[in-house]
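Indexing begins at 1, ligand by ligand and atom by atom, following the structure's order.
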Amino acid sequence: MLERNLEEKGFEMTYVDEVFDWVKEKNPGEKEFHQAVKEVLESLEPAIEKHPELKKHKMLERIVEPERQLMFRVPWQDDQGEIHVNRGFRVQFNSAIGPYKGGLRFHPSVYLGIIKFLGFEQVFKNALTGLAMGGGKGGSDFDPKGKSDIEVMRFCQSFMQELFRHIGPDCDVPAGDIGVGGREIGYLFGQYRKIMNQFHAGVLTGKGLDYGGSLIRPEATGYGCTYFVVEMLKDRGLDLKDKVCTVSGSGNVAQYTTEKINQLGGKVVTLSDSNGFIYDPDGVTFGEKFDFFLELKQIRRGRIKEYADKFNVDYYSNKRPWEIKCDIAFPSATQNEIEVNDAQTLIDNGVIAVGEGANMPSTIDAINLFLEAGVAFGPAKAANAGGVATSGLEMSQNSLRLAWEREEVDKRLHGIMVNIHKSARVAAEKYGAPGNLVVGANIAGFMKVARSMMAQGLI
Ligand code: NDP
């Protein structure tokens, strides 16, 4: 159909168009997956041209098809004794360069299309880290919000009752994502250990420090994203000092992005959740404000509005923070939270850089607008790779049965982020798109996985 439309309009169908058309037909209704595939495939055009063997080996068709997709029933009982049934997912996307690796998301919006978009992105992100990790992702449409600890535990146990047979330290290593933090990883690990009667520390990452976790893992995505933005600024002769930053979200990524920005002399003026955002023009500074924020989210699991009530700052209900004038935007909540009109507002207000802490937070049109406007744009699969990279470091420590010091892990994380930025910049230049880190990150990640798949034969 697309082919005919294009031909009628006098366009020639490219290999990328053909594969994208095929993906849409084969995966109906999975709009987030289509979006992620489109963004990657379009940026691969220069690589396809330069390496004809990619088409010969049908690398695009092979790379967009997960190696395995699992869907399962997760029954659990609430505190009133009522029975609920949720759906569990694990998509094992690609293991050409290492065991499947990627987080679990518990959120009511989860369905196969979300898990596949996240798994697909994860393949390239993990390749970019330089560590031996394939890509996968999983989760459930379970909503942990408002549930008691015991209900969350029952759900996690039931989820693991099925998942355990598909994972393992050398096979598939899940971690956290939206709705899955230290508490959930603890319950999941406990159930896995009980079923297996084995202490396989490396089967999950994001564990507590007392039982195999790594220092800096909770901080890693936010710290890493900030390090990445610092590298982009350096290329322009700038730094973070005194820069006004808007951060969205108030979960794991937003918390540690805020911490690192503060440490490096920037000022975070917004935080948000799915109900609205707070605007604190003086910044979420260290001391009383930052401590209150962490306690509110990590211990009391409250809503961000309480920050506005406590410190008497503005709260905007049902809005995103992008209308606030800033130098740097750090979208750190969820997918498609920066649409084209938000991007235009940010540009009109003089934004100089965007660091994607969340996965796919900007729509394709928004990304194109940023790039056209010359904004330094750090795409998610590069900018937020610090989390999975440090998960990789947690796996290494588990294998060595050692625990590195905080400084050691942070130094390695920093080195990895500097390298990811460099690889993306170098690939962008090599493939004729200097400064375009979307093209650079996609091609650098893709080529590593594609080369490995070709070397390993048709499997
Ligand atoms: P958390 O669950 O800790 O926090 C998520 C935050 O985003 C919450 O403030 C939440 O608000 C908000 N949010 C979630 N869904 C929506 C929505 N539909 N609309 C508006 N706000 C929303 O998750 P993380 O901080 O771990 O993850 C945030 C993003 O970062 C995700 O895109 C994730 O995939 C990505 N990421 C996370 C990594 C990690 O190491 N944790 C690694 C790499 C990427 P509310 O409480 O109202 O739901």
Side-chain angles (χ1 to χ4, degrees), residues 32 36 101-110 114-115 117-119 121-122 125-126 128-129 135 137-139 142-146 152 174-185 205-206 213-214 216-225 228 247-258 270-278 293-294 296-298 300-307 316-322 330-339 342 355-362 378-394 413 417 420:
E32 295 82 3
K101 179 88 197 88
L104 298 171
R105 177 176 290 191
F106 291 170
H107 192 271
S109 63
V110 163
I114 295 260
I115 301 299
F117 117 62
L118 290 164
E121 290 274 298
Q122 198 80 46
K125 180 188 307 189
N126 293 2
L128 277 173
T129 65
K137 200 85 187 187
F142 172 74
D143 187 358
K145 232 180 282 164
V152 170
D177 190 80
I178 291 180
V180 179
R183 173 182 62 171
E184 291 74 16
I185 293 292
T205 58
S214 172
I216 301 283
R217 175 59 190 94
E219 295 90 340
T221 307
Y223 278 19
C225 186
F228 192 90
V247 174
S248 67
S250 48
N252 172 271
V253 179
Q255 290 160 18
Y256 292 103
T257 299
T258 302
T270 66
L271 293 166
S272 73
D273 60 25
S274 50
N275 298 112
F277 77 91
I278 61 110
F293 167 45
L294 282 199
L296 170 69
K297 299 309 293 187
Q298 293 185 355
R300 289 194 286 122
R301 298 178 191 272
R303 310 304 296 158
I304 200 63
K305 182 173 182 303
E306 287 184 48
Y307 179 100
Y316 296 80
S317 193
N318 292 319
K319 282 192 154 185
R320 298 165 181 164
W322 313 127
F330 287 88
S332 310
T334 193
Q335 63 275 358
N336 292 330
E337 55 170 315
I338 298 189
E339 293 176 282
D342 302 312
E356 291 195 317
N359 280 311
M360 207 167 76
S362 314
K381 64 173 76 62
N384 75 25
V388 72
T390 309
S391 279
L393 301 179
E394 183 174 332
L413 167 65
M417 296 315 296
I420 292 175

_For P218 versus N252, what's the shortest heavy-atom pair and its separation?_
O-ND2, 2.9 Å
*Of the protein's non-hydrogen atoms, which lies at the shortest distance from atom 4 (O) of ligand 1, and what is that distance?*
G251 CA, 3.3 Å
*asked:* Give the atom numbers and elements of ligand 1 that come within less than 4.0 Å of a heavy atom of S274.
replied: 11 (O), 19 (N), 20 (C), 21 (N), 45 (P), 47 (O), 48 (O)
*Counting both backbone and side chain atoms, is some N or O of V253 under 3.5 Å from an N or O of ligand 1?*
yes
_Value rounded to 0.5 Å, distance of CG in L128 from CE in M417_ = 9.5 Å
*How close do S332 and T257 get, heavy atom to heavy atom, and via which atoms?*
OG-OG1, 4.3 Å
*Can you list the atoms of ligand 1 that are under 4.0 Å from a heavy atom of S272?*
9 (O)
*Do you know which of R303, R301, K145 makes salt bridge (charged side-chain N to carboxylate O under 4.0 Å, His left out) with D273?*
R303
*asked:* Heavy-atom contact check, 4.0 Å cutoff: does K145 meet ligand 1?
replied: yes
*Taking the non-hydrogen atoms of R303, is any one of them nearer than 4.0 angstrom to ligand 1?*
yes
*With no hydrogens and no angle check, do the side chains of E32 and Q335 hold a donor and an acceptor under 3.5 Å apart?*
no
*Side-chain contact, heavy-atom cut-off 4.5 Å: D177 with N359?*
yes
*Tell me: protein heavy atom nearest atom 26 (O) of ligand 1, and distance?*
N252 CB, 3.8 Å
*Give the residue and atom name of whichever protein heavy atom lies nearest to atom 31 (C) of ligand 1, and the separation in Å to one decimal.*
A333 O, 3.4 Å
_Distance from atom 16 (C) of ligand 1 to nearest protein heavy atom, with residue and atom_ = T334 CG2, 3.6 Å
_Restricting to non-hydrogen atoms, name the atom on E356 and the atom on S362 that form the minimum distance, rounded to 0.1 Å._
OE2-OG, 2.6 Å
*Within less than 4.0 angstrom of ligand 1, does H107 place any heavy atom?*
yes
*Which one holds for R105 and ligand 1: side chain close, backbone close, both close, or neither close, with close meaning a heavy atom under 4.0 Å?*
side chain
*For atom 34 (O) of ligand 1, the protein heavy atom that lies nearest, with its residue and separation*: D177 OD1, 2.6 Å
*Looking at V388 and R217, what are the two nearest heavy atoms and their distance?*
N-NH2, 4.4 Å
*asked:* For atom 32 (O) of ligand 1, what's the nearest protein heavy-atom neighbour? Residue, atom name and distance, please.
replied: N359 N, 3.1 Å
*Answer whether the closest heavy-atom distance between the side chains of V253 and N384 falls below 4.5 Å.*
no
*Report the part of I178 (side chain from C-beta onward, or backbone N, CA, C, O) that has a heavy atom under 4.0 Å from ligand 1; answer both or neither where that applies.*
both
*What do you reckon, does Q335 put a non-hydrogen atom under 4.0 Å from ligand 1?*
no
_Atom of Y256, atom of E219 and distance for their closest heavy-atom approach_ = CD2-CG, 3.3 Å
*Compare every heavy atom of W322 with every heavy atom of P331, then report the nearest pair and how far apart it is.*
CA-CH2, 3.6 Å
_For G357, atoms of ligand 1 separated by under 4.0 Å from a heavy atom_ = 30 (O), 35 (C), 36 (N), 44 (C)
_All ring pair (Phe, Tyr, Trp, His ring centres under 6.0 Å) counterparts of Y223, not counting sequence neighbours_ = none
*List the closest protein heavy-atom neighbour of atom 38 (C) of ligand 1: residue, atom name, distance to the nearest 0.1 Å.*
T221 OG1, 3.6 Å
*Would you find a donor on one side and an acceptor on the other, under 3.5 Å apart, between the side chain of S250 and the backbone of S272?*
yes
_Under 4.0 Å, counting heavy atoms only: does R217 come that close to any atom of ligand 1?_
yes
*Just jot down the ligand 1 atoms closer than 4.0 angstrom to any heavy atom of S250, in number order.*
9 (O)
_Below 4.0 angstrom, counting only protein heavy atoms, does anything approach atom 10 (C) of ligand 1?_
no
*asked:* What I want to know is whether N275 and ligand 1 share at least one N or O pair that is separated by under 3.5 angstrom.
replied: no
*Side chain, backbone, both or neither: which part of S332 comes within less than 4.0 Å of ligand 1 when only heavy atoms are counted?*
backbone
*Roughly how far, to the nearest 0.5 Å, is the CG atom of L413 from the OG1 atom of T390?*
4.0 Å
_So for G179, does at least one of its heavy atoms come nearer than 4.0 angstrom to any atom of ligand 1?_
yes
